[in-house]
Every structure is written in C-alpha cells, then in structure tokens.
Amino acid sequence: MSSNTPQLLSPRIALLLTLAPLMWAANAVVGRMAVGSIPPVAMNLARWVIAFVLLLPLAGAVLRERQAIAQRWRYLSLLGLLGMGCYNALQYMALHTSTPLNVTLIAASSPIWMLSIGAVFYGVRPRPADLLGAALSMLGVVLVIARGDPANLLSLHFVPGDLLMLLAIFTWCVYSWQLARPPAHMQGEQRPAWDWAAFLMVQMVFGLGWSALATGIEASVSTEQWHWSWQVGAILLFVAVGPSLIAYRSWGIGVGAVGPAIAGFFGNLTPVFAGIFSAALLGQWPQWFHLTAFGLIVLGIVVSARR
C-alpha cells in the first residue's frame, strides 16, 4: 500500500532497499545449487506455499474479507501473476542454463526498465540526476562483470537463461510500478485496512493459483524430478523466508516510500552481493573491484535520490 508522492530517501528506507537485493543475491546462489534436485517452476510453487503457511498466523484473518478481495481481484491477480507467478519461476528456470552472477547482472538493468516504464506508461520523465545515477550504477555493474579488467568483457557469453532473466526483470519492474501506482480502489478512503502482511497474503492467494497452473504445465512437459535431501529442505525454507517474506516486505516499504524509479537503483547491488557470495563459496575474499563497484552503485543511488 503506497502513497503516490515519493519521500526523501532516509537511512531506514535505504537499509530496507539494500536488504531486498541481499536476499535476491542469496536466492540466485541457492537457486543454482538446487538445479538437478528441484524442478524450477515447482520450486517457485513450493517456496510460496511455505511462505503462505508461515504468514497465516499473522495475516490469515484477511482471507475472511472475501468481498473486499473479490472487488479487487483483477489488480491482486495481476500482482500475483507478475510478482510471484512469473518473476521467481523465470529466475529459477534461467539458473538452469545461466550463472548466479549473470542472472543478477541482468537483474541490475532494472533502473533502465523502471525509468522506461515510468516514462512510457505513467508519464514520469526521468530527471538528469536519474540518468546520471543509472550510468554510475551500471558502471559499477560492468566493473564486476569485468572483474576489474576490461579485457574480460570479451569472454562474456550469454545463454538462453539470460533471455529468461531479462523477461523476469521486466515483469518485476511492471510489478513495482503497480505497487507504486495502484488503481483508485486501492487508495484513499477506498483502500482496505490491510497492513503489509495482509496485503502480501492476498497477493499470495492469486500468486499460488498462477504458480500451481505453471507447475502443472511443467510437470506435463518436463522430465525433471524431485530429489529430496536435508539440503533441499533447507533451500526451500530459506527462499520462503528470506527472498519471499523479508525481501517482499522490505521492497514494498521502499517502493511505497521513494517510488520504483529510485528503488530500482538498489537492484544494482544484487550482482555485487552475488559476486561476494559466489566467491565465499570458493573460499575467496572480495577483491578491490567488488568494493569499488559497491561505491559506484551507492554513489548512483545517492545522485538519483537527490531532489
């Protein structure tokens, strides 16, 4: 639930908008670890089923508000499709042929999509500060891609999974704008008295429906099978709590406070975190280019947030 008037970027909002990409980076790494053990679309469904159950004690009462939900079913169904049914399933599918770093680097193009969607569909023209912030942030991303050496860019290859991730990040940007610019019946006096948990819960109702449909299609055309282990259980629990409940809560607050255009710049932190996580699994410490990229991305956020 959000206001149409963006606020200044406070330390609290910056922390929340940093927490979301941190969770998404970890999600990409563990999603890659799950390849071969969990079918990707089924993993998305399992993730949201667990998150739904965990959220029930906190927000289950909203499910009794059937009239309010029915009056807004088109909007809630769209949010469920974009934010839960499409984005995460496409990301897990992408990780079958792409790497966590590639996936998160493509996701870091979100500021460009955010600004473009805002300009074309919502009449929000990007300011010079937005464009400069986008350039600084993308420079940081390129630095991570090149691992500090521009020559490494020549050996970068893209695979089908990268195209799936490009589609995924587009759906996420549309989802973010829908959160920031909801229809009239989700604003003002017509707005239901739903807190963050209740609002996420009603989105899950429709998201689970879309995810179940997609999982059924996957099961009919794919030969991938579940291979249960305690690691698989740990992965599912993590993605249900961290990238689902915590990240969606943080992102919802951030987008509602400063708008999707500025929030989108924080997405550029995801590949930096993913690079650090991937290096940590190999026993390597972050190098100078990780820290430099982090600084450039933060500078891009600061520049874009200036009024």
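Nothing fancy with the numbering, it's 1 onward along the sequence.
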A.B. asks: Are the aromatic rings of W73 and F206 close, with centres under 6.0 Å apart?
C.D. replies: no
A.B. asks: Main chain of G161, side chain of T97: is a donor-acceptor contact present, judged purely on distance under 3.5 Å?
C.D. replies: yes
A.B. asks: Give the ring-plane orientation class for F199 versus W194, where under 30° counts as parallel, over 60° as perpendicular and anything between as tilted.
C.D. replies: parallel
A.B. asks: Only pairs under 3.5 Å count here: list side-chain donor-acceptor contacts from residues 75-82, not counting sequence neighbours, and write none if there are none.
C.D. replies:
from : atom 1 : to   : atom 2 : distance (Å)
Y75  : OH     : Q178 : O      : 2.8
S77  : OG     : W210 : NE1    : 3.2

A.B. asks: Please report whether the ring centroid of Y248 lies less than 6.0 Å from that of W172.
C.D. replies: yes
A.B. asks: Around F170, counting heavy atoms of other residues, nucleotides and ligands shown, do more than 12 lie under 6.0 Å from its CZ?
C.D. replies: no
A.B. asks: Which atom pair, heavy atoms only, marks the closest approach of E224 to P40?
C.D. replies: OE2-CD, 3.7 Å
A.B. asks: Working to the nearest 0.5 angstrom, can you tell me the gap between F52 CZ and M201 CE?
C.D. replies: 4.5 Å
A.B. asks: As an exercise, state the distance from CZ of R47 to CG of L208, rounded to the nearest 0.5 Å.
C.D. replies: 11.5 Å
A.B. asks: Around Q225, counting heavy atoms of other residues, nucleotides and ligands shown, do more than 12 lie under 6.0 Å from its CD?
C.D. replies: no
A.B. asks: Sequence neighbours excluded, which residues qualify as ring-ring contact (aromatic ring centres under 6.0 Å, His included) partners of F121?
C.D. replies: none
A.B. asks: State, without any angle test, whether W251 and S176 hold a side-chain donor-acceptor pair at a distance under 3.5 Å.
C.D. replies: yes
A.B. asks: Output the distance between atom OG (S37) and atom CD1 (I235), rounded to the nearest 0.5 Å.
C.D. replies: 7.0 Å
A.B. asks: Of V258, L17, I13, which is the lone residue that meets side-chain contact (heavy atoms from CB on, under 4.5 Å) with I253?
C.D. replies: I13
A.B. asks: In Å and rounded to the nearest 0.5 Å, what is the CE to CE distance from M93 to M43?
C.D. replies: 14.0 Å
A.B. asks: I'd like a table of donor-acceptor pairs (distance under 3.5 Å, sequence neighbours excluded) in which one partner is a side-chain atom from residues 20-32, with atom names and distances.
C.D. replies:
from : atom 1 : to  : atom 2 : distance (Å)
N27  : OD1    : Y92 : OH     : 2.7
R32  : NH1    : L95 : O      : 2.5
R32  : NH1    : S98 : O      : 2.7

